[in-house]
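What you are looking at is a predicted structure, and each value in this text was computed from that prediction instead of being measured.
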2 protein chains.
Amino acid sequence: MVVDDDREIRVLLKQFLSRQGYRISTAADGEEMNKVLGDWQIDLIILDLMLPGEDGLSICRELRKTSKTPVVMLTVMGEENDRIKGFSGGADDYIAKPFNPHELLARIKAVLRRTNMVPPASQKAYDQVLCFDTWRLDISERRLTSNSGTMVDLSTAEFDLLAAFAERPQQILSRDQLLDLARGMVEIPFDRKIDMQVSRLRHKIEEDPKHPTLIQTVRGGGYVFTAKVTLQGVVE
Amino acid sequence: MVVDDDREIRVLLKQFLSRQGYRISTAADGEEMNKVLGDWQIDLIILDLMLPGEDGLSICRELRKTSKTPVVMLTVMGEENDRIKGFSGGADDYIAKPFNPHELLARIKAVLRRTNMVPPASQKAYDQVLCFDTWRLDISERRLTSNSGTMVDLSTAEFDLLAAFAERPQQILSRDQLLDLARGMVEIPFDRKIDMQVSRLRHKIEEDPKHPTLIQTVRGGGYVFTAKVTLQGVVE
DNA sequence: AGTGCTGTGTTACAAATCGTTACAAACTTT
DNA sequence: AAAGTTTGTAACGATTTGTAACACAGCACT
């Protein structure tokens, strides 16, 4: 369960973690959280420290009196005191916003393992290879190769951006969405980070970066990955 | 968690108990122990009675004021008074040095059972050989061999790091997590230990350490073991 | 068609992060 | 005790990422 007053975070975490095989409930505050807890068996709670009304820390403390459900606390970057307080409130782990969803996933898995709960099905979800144009993008091996077999060095940001695109072809993705999907970050006004990364990625994968065919610009809207993407599962 | 000023005991107990399926943090004195307790959920503390600075007995008494974490006290052979003092300080059990690690394990299990905590899954899970790329990693024999049968010398740290990776493939592991998983240590700010160990390990297992395919860097996130890992169980 | 405004692409450079080298300290083996 | 090995630290180099500024493209209005 994801407890955060920021609707965008709730929606995006639900989408991301659902794709990893988890079933996600969401709540905007402590009251809603307790209602969900009353109705559903919850294996782990991702709880924002800064909530309106009752804050995450006291919610966590109250929860600890009656429940052993593991808690991963979302804090504000750099607040070491909040981190320590989170643990003293009974949290099992913490992660600072802005965060990379993959790191959150790793922490969730670690916490569940620590509490002897079985992660969802397997890592098969990660054994996917996405094929487009003359490229093969291996998500679990974090590798891009051309059809002829030669590997292209992609930086962390470039790989994550390309993965976000390839997983959602033919959808216009705003800069805000791309930042969140690829980097787990929140956009600030007039932010040009994504434009820079798109330009760099185009230089690595487009035949003619000045006239891109894979990643196309939607003026005022963001970018769209227009390549036809096919999923090539790896047979075991 | 193992609290003992004797580094040898810390390392050996960590290795032995890790092989039994426990995750071990270590501390050299009470101050370090409290730091670890502030950051991590600890199920049981193995605490040496004779510590520099504040002794184990008073550490245990202080701990008992704020925590129910079970404590197994390490005492000196023949000190009946220490044994009695240990219990009066709140220890849950004691064992005299020099001790048989298997007896310590039995006492740990007994204490955990008494406090209704479930030990981790069976130790069968640890009689395992993990295969990836052209390598075979034997966890219980602590050995890495190539598919052609030649052995590679790995130092303790290198082996533990590789095991941590191979047991959690496709998951981004932060430096903090790696330090904990592989070394039972807590990261200090701007710590580069893991980076150094990763570099050394890459030189031993990667085909081209400058363009690593097994251990990949996630900038700002840590490292991820992207090799496909298969479990080859050892037939009993 | 011309003009002005807004949005995007690119370049240059600075900042941040990670990889490597060298060497010292700690540990292990002979 | 000496030699060998492992680990950690500091500093420098390499790579990645972000920012700012300028150039160019697209769109709306006249």
Side-chain angles (χ1 to χ4, degrees), chain A residues 77-78 98 100 103 142 152-162 172-176 178-179 182-206 208-224, chain B residues 5-12 14-15 26 28 142 144 152-162 172-176 178-179 182-206 208-224:
Chain A
M77 166 84 79
N100 179 337
E103 184 181 351
R142 296 183 70 88
V152 175
D153 273 346
L154 292 178
S155 69
T156 299
E158 287 158 4
F159 179 88
D160 289 339
L161 180 62
L162 182 56
I172 298 172
L173 301 171
S174 68
R175 284 168 186 78
D176 198 26
L178 286 166
L179 254 188
R183 314 291 294 277
M185 294 169 83
V186 175
E187 188 188 16
I188 60 177
F190 311 113
D191 195 347
R192 302 295 305 282
K193 278 196 271 292
I194 288 289
D195 304 277
M196 273 299 318
Q197 290 296 340
V198 165
S199 177
R200 285 173 175 149
L201 185 55
R202 277 170 171 161
H203 275 273
K204 290 190 177 181
I205 70 169
E206 296 274 2
D208 179 4
K210 288 183 188 291
H211 301 90
T213 56
L214 303 179
I215 305 175
Q216 299 195 17
T217 306
V218 178
R219 189 179 170 86
Y223 298 95
V224 58
Chain B
D5 60 309
D6 183 335
R7 186 170 182 277
E8 189 161 87
I9 290 203
R10 289 202 306 275
V11 170
L12 290 173
K14 176 177 163 65
Q15 286 176 2
T26 58
R142 296 185 68 85
L144 177 68
V152 174
D153 273 345
L154 293 179
S155 70
T156 300
E158 286 158 3
F159 180 90
D160 289 340
L161 181 62
L162 182 55
I172 299 172
L173 301 171
S174 67
R175 284 170 184 78
D176 197 26
L178 285 166
L179 257 186
R183 313 290 293 278
M185 295 168 80
V186 174
E187 186 188 18
I188 59 178
F190 311 112
D191 194 349
R192 302 296 305 282
K193 276 195 272 295
I194 288 290
D195 303 276
M196 274 299 317
Q197 291 295 339
V198 165
S199 179
R200 287 175 174 146
L201 185 56
R202 277 171 173 158
H203 276 274
K204 290 189 178 181
I205 71 171
E206 295 274 0
D208 179 4
K210 287 184 189 289
H211 299 90
T213 56
L214 303 179
I215 305 176
Q216 296 193 27
T217 305
V218 177
R219 191 176 173 87
Y223 298 94
V224 58

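Within the 4.0 angstrom heavy-atom criterion, no nucleotide atom of any strand lies near A:Phe159.
Mapping A:Met196 and A:Arg219 onto DNA chain C by nearest heavy atom places A:Arg219 at the nucleotide closer to the 5' end. Mapping A:Glu158 and B:Gln197 onto DNA chain D by nearest heavy atom places B:Gln197 closer to the 5' end of the strand.
Rounded to whole Å, atom C1' of C:dT20 lies 11 Å from atom CG of B:Asp195.
Checked for salt-bridge contact, A:Asp153 and A:Lys204 miss the test: no charged N lies under 4.0 Å from a carboxylate O.
Side-chain to base pairing of A:Arg192 with C:dG7: no donor and acceptor N or O lie closer than 3.5 Å to each other. If you check distances only, the side chain of A:Arg200 never reaches the base of C:dG9 with a donor-acceptor pair under 3.5 Å.
Checked against D:dT17, C:dG19, C:dT20, the side chain of A:Ser155 finds its nearest nucleotide in D:dT17.
Under 4.0 angstrom from either OP1 or OP2 of D:dT17 there lies no side-chain N or O belonging to A:Lys193. Taking side-chain N and O atoms only, A:Tyr223 has a distance below 4.0 Å to OP1 or OP2 of C:dG9. Taking 4.0 angstrom as the limit, B:Thr217 places a side-chain polar atom (N or O) nearer than this to OP1 or OP2 of C:dG19.
Side-chain contact, B:Arg192 with B:Ser199: no donor N or O sits under 3.5 Å from an acceptor N or O.
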